[in-house]
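One structure is given here, and the rest of the page talks about it.
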Amino acid sequence: MRKNRRSFVPFAMAVLFLVTFMGWAAPKAAGNIKLGLDLKGGFEILYQVEPLDAHQKVTKELLLATERMVEKRINISKVAEPEITIEGTDRIRARIAGVADQTKLRELIGQPAYLTFKDGQDRIVLDGGDLAPNGASIGHDQLNRPVVNVKFSDPAKLRTVTKDNLGKPLSILLDDKVVSTAVVQAVISGGSSSISSEDLDSATELKDLLNAGSLPAKLIEKQVNSVSASLGEEALHRTLVAGYAASAIIVIFMLIVYRLAGIIANLTLLLFAFICLVLLDWMNAAMTLSGIAGFILAVGMAVDANIITYERIKEELREGKSIRSASRSGAKSSFATILDSHATTFIAALVLMMIGTNAVKGFAIVLMMTILVSLVTNVFGSRLLLWLLLKDNAIKRTEWFGVSLKRAAYKAVKPLPDLVKRRNWYLGFSTVVLIVGLIAIMGRGLNPGVDFQSGTRLDLYIGSPFQTSDIAAVIHEEIPSATMKPVVKYGTDGLAATTTFSKPIPAGQLNAVEDKLQERYGAQVSKQESTVDPVIAAEMVKKACYAILIASAGIVLYTGLRFHYLFGIACIIALAHDILIPVALFSALRLEIDLTFIAAVLTIVGYSLNDTIVIFDRIRTNMKQTKLTSARELEELVNRSLWQTMRRSLYTVLTVFIAAVGLLWLGGESIHLFSLALLFGLVSGAYSSIFIAAQVWLILYKRRFLPAG
């Protein structure tokens with residue numbers, strides 16, 4: 001007994017060190033992670049750059065100059081760490097989080113701020129290029145009214161202009177709008193002039209514009225995503241609650257099913273979460289709502305490697321091996337399956353990162369990172385802890401691993417139900433479902449969101465009880481000519497509303513709606529805007545189609561190379577099934593299809609093949625151990641392989657299903673449709689892995705390689 005206790009000391013010491021270190025370092029790493037604009041408020045705008053001269057072309061130099069000027073203007077507002085990037089040949093994207101006054105900053109960024117001085121004959125005698133660097137400042141006139149003092153870089157030029165126009169009117173224009181007109185009373189020789197202003201706020205805004213300088217090109221908003229700080233805080237809170245709830249259920253599930261091995265799986269899950277936090281801190285990455293959703297989903301996927309390993313260990317135990325021998329053999333035989341299943345999801349995430357917008361890229365990057373971390377922690381970390389626990393053979397009872405040898409012997413005597421025999425029923429059922437789905441798609445059509453159709457989606461947090469008719473009345477009053485969908489409530493408390501406009505709505509009109517609602521319901525009212533120009537929407541449709549095709553082709557190619565080309569063909573048919581089912585359901589239910597839906601579909605593509613590969617791997621392994629002489633023997637082999645991997649397939653889907661349900665039930669509105677699409681796809685993918693992919697491969701293989709009988 002004393003020897004047995006001593007054998008647990010290395011394991012206990014390792015666990016104690018692990019938990020203590022993570023408890024000390026995790027809060028610091030989590031505290032250093034920045035929040036993205038959808039969690040702390042802010043906006044992301046894609047600008048189209050157009051030259052001031054219609055005959056001029058957009059050059060690299062013009063883009064760089066415009067980028068520098070945009071950054072200079074943003075820095076005036078003292079926003080922390082803005083992101084300004086050039087995209088393509090004529091676009092600039094600005095991401096700015098933590099903005100106190102979004103309206104003012106958007107106006108500051110987009111205004112050309114072209115300052116001119118014109119004489120009585122409407123001739124330009126001075127312009128913004130004549131100003132001294134940071135030459136604008138706030139002052140007051142003799143009546144203590146605010147004015148903007150402007151200092152010129154060449155006092156002699158200003159003296160000449162005022163001398164030539166002495167006693168004549170001289171107008172000061174900003175972007176061709178007259179802001180001040182006065183008769184020159186005296187020759188100005190000091191190099192400074194002043195512009196009168198209505199109030200201090202107007203004077204301050206004009207001063208900032210002048211100091212920022214003129215934009216070398218026009219900026220046209222093509223795509224806008226803005227989030228108020230209050231909506232971001234609510235989304236963060238709800239999504240974190242969803243993550244905690246899903247993680248707790250997964251932890252309990254692993255303990256119940258795998259007992260002692262479940263404890264190790266949960267410890268490595270903690271290590272997985274810790275390493276992900278450290279990497280996010282090291283990468284200086286901004287955590288977004290979609291990133292958190294990806295992280296929660298990854299928690300469900302992170303235990304998959306352990307499930308695959310532990311189910312293989314349980315199989316070895318049922319065959320009569322010792323716990324130590326079964327653990328060694330199970331870990332070794334499951335590694336290739338784990339690697340293949342993670343690779344398919346990684347390919348889908350890589351495609352998402354390459355073609356997605358900011359939110360989708362955030363999801364994809366987090367998903368890719370967690371897949372790699374999962375391989376390290378849940379393969380090597382889990383096996384190290386398991387080795388420390390079993391190295392002295394102190395544990396003898398298989399019940400500690402959830403295996404009863406008496407029950408296993410009883411089950412081994414019972415014949416396995418023949419899943420293969422009814423394959424025509426499964427394929428027929430799926431065919432009928434797909435035909436009905438295609439009819440629904442052709443009859444009702446899809447319901448594209450603003451990402452794919454263009455327009456503006458307006459989310460409003462009211463913060464107090466309201467009637468949707470009252471909100472609609474305010475919107476119609478401020479935006480009378482726009483066509484919009486009915487206003488609907490959302491959220492668990494029903495204190496928020498949303499609607500979609502068929503065309504992009506200018507920011508000024510959306511601000512007017514927010515102001516009017518604040519007058520009626522209080523200052524807590526805030527808005528979230530997503531606006532997409534028709535050109536951008538058309539590009540997104542193409543990108544979405546390319547993403548699905550490229551990801552599917554990449555995964556099928558990988559599967560074909562790792563296994564056999566007939567496995568790849570079976571995967572293509574299963575993938576078509578898994579993609580069409582969620583699309584058909586969204587069409588029938590009239591749910592919006594946007595970029596988050598595409599992200600869900602690509603995740604489904606990767607994860608469905610995750611399960612399929614587990615089954616294919618077992619079929620391949622059994623074929624190596626069996627000499628097949630007839631089609632009937634192959635059918636028996638496939639049926640045996642399906643039952644050997646059945647529980648493993650269902651458990652791996654179940655853990656991700658739990659995470660997706662948590663996101664759907666408790667997560668924010670912006671990931672609601674993503675979670676729903678994921679749930680549809682997970683159910684469809686689990687079904688196709690067992691009843692479609694394996695059955696299709698069987699039909700193809702036995703016709704080509706085996707005689708009947």
Side-chain angles (χ1 to χ4, degrees), residues 36 38-39 227 231-232 234-250 253 287-304 345 348-349 352 356-357 359-364 366-367 370 447 449 451 457 459 488-494 496 498 528 530 544 578-579 581-608 610 652-686:
D38 57 352
L39 295 176
V227 183
L231 281 171
E234 183 194 18
L236 175 61
H237 172 72
R238 292 178 62 182
T239 309
L240 288 178
V241 169
Y244 296 145
S247 300
I249 295 173
I250 291 171
F253 170 81
M287 180 56 77
T288 63
L289 184 61
S290 57
I292 294 177
F295 188 82
I296 294 171
L297 185 63
V299 168
M301 298 176 66
V303 296
D304 284 359
T345 311
L352 271 176
T357 59
V360 175
K361 279 183 179 178
F363 169 80
V366 170
L367 193 58
T370 54
N447 182 23
D451 290 337
R457 176 188 169 101
D459 296 314
V488 295
K489 291 185 179 182
Y490 73 84
T492 54
D493 51 10
T498 183
Q528 177 173 319
S530 179
D578 297 340
I579 292 171
I581 292 294
V583 172
L585 286 171
F586 265 57
S587 173
L589 298 173
R590 303 306 297 158
L591 299 173
E592 280 193 0
I593 292 179
D594 55 14
L595 279 176
T596 58
F597 175 83
I598 301 302
V601 167
L602 288 180
T603 306
I604 291 163
V605 165
Y607 201 75
S608 171
N610 208 333
T652 53
V653 170
L654 183 59
T655 54
V656 184
F657 190 86
I658 291 169
V661 168
L663 286 172
L664 178 66
W665 181 32
L666 299 171
E669 178 68 17
S670 58
I671 56 174
H672 178 82
L673 293 180
F674 168 83
S675 308
L676 193 59
L678 201 59
L679 287 174
F680 290 158
L682 286 171
V683 174
S684 172

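As the structure is a prediction and not an experimental result, all values here were calculated from the model.
- Checking side-chain atoms of Ser247 against main-chain N and O of Tyr244 turns up no donor-acceptor pair under 3.5 Å.
- Panel note: side chain Asp594, backbone Asp451; no donor-acceptor pair is recorded below 3.5 Å.
- Not counting sequence neighbours, the partners of Thr655 by the side-chain hydrogen bond (donor to acceptor under 3.5 Å, both in side chains) test are Asp304.
- The ring-ring contact (aromatic ring centres under 6.0 Å, His included) check on Phe253 picks up Tyr651, with sequence neighbours excluded.
- Two residues are said to be in side-chain contact when any heavy atoms from C-beta on lie closer than 4.5 Å; Arg457 and Glu592 meet this criterion.
- Contacts of Val488 classified as side chain to side chain contact (heavy atoms under 4.5 Å, CB included), with partners at least two apart in sequence or in another chain: Thr498.
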### Task
Please report the C-alpha distance between Phe597 and Phe586 in whole Å, then the side-chain angles of each, then the deciding distance to 0.1 Å, and finally whether the ring-ring contact (aromatic ring centres under 6.0 Å, His included) criterion is met.
CA-CA 10 Å; Phe597 175 83; Phe586 265 57; 4.6 Å; yes
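- A pairwise comparison of heavy atoms in Ala246 and Ile658 identifies O-CG2, 3.8 Å as the closest pair.
- Nearest heavy atoms, Val583 versus Ile579: CG2-O, 3.2 Å.
- Looking at heavy atoms from C-beta onward, Asn447 lies out of side-chain contact with Leu591 at the 4.5 angstrom threshold.
- Taking all atoms of both residues into account, the shortest heavy-atom contact from Gly662 to Ala242 is O-CB, 3.2 Å.
- The side-chain hydrogen bond (donor to acceptor under 3.5 Å, both in side chains) test applied to Ser587 returns no partner, not counting sequence neighbours.
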Counting only pairs under 3.5 Å, give me each side-chain donor-acceptor contact of residues 676-685, with atom names and distances, residues two or more places apart or in other chains.
from   : atom 1 : to     : atom 2 : distance (Å)
Ser684 : OG     : His577 : ND1    : 3.3
Ser684 : OG     : Asp578 : OD1    : 3.3

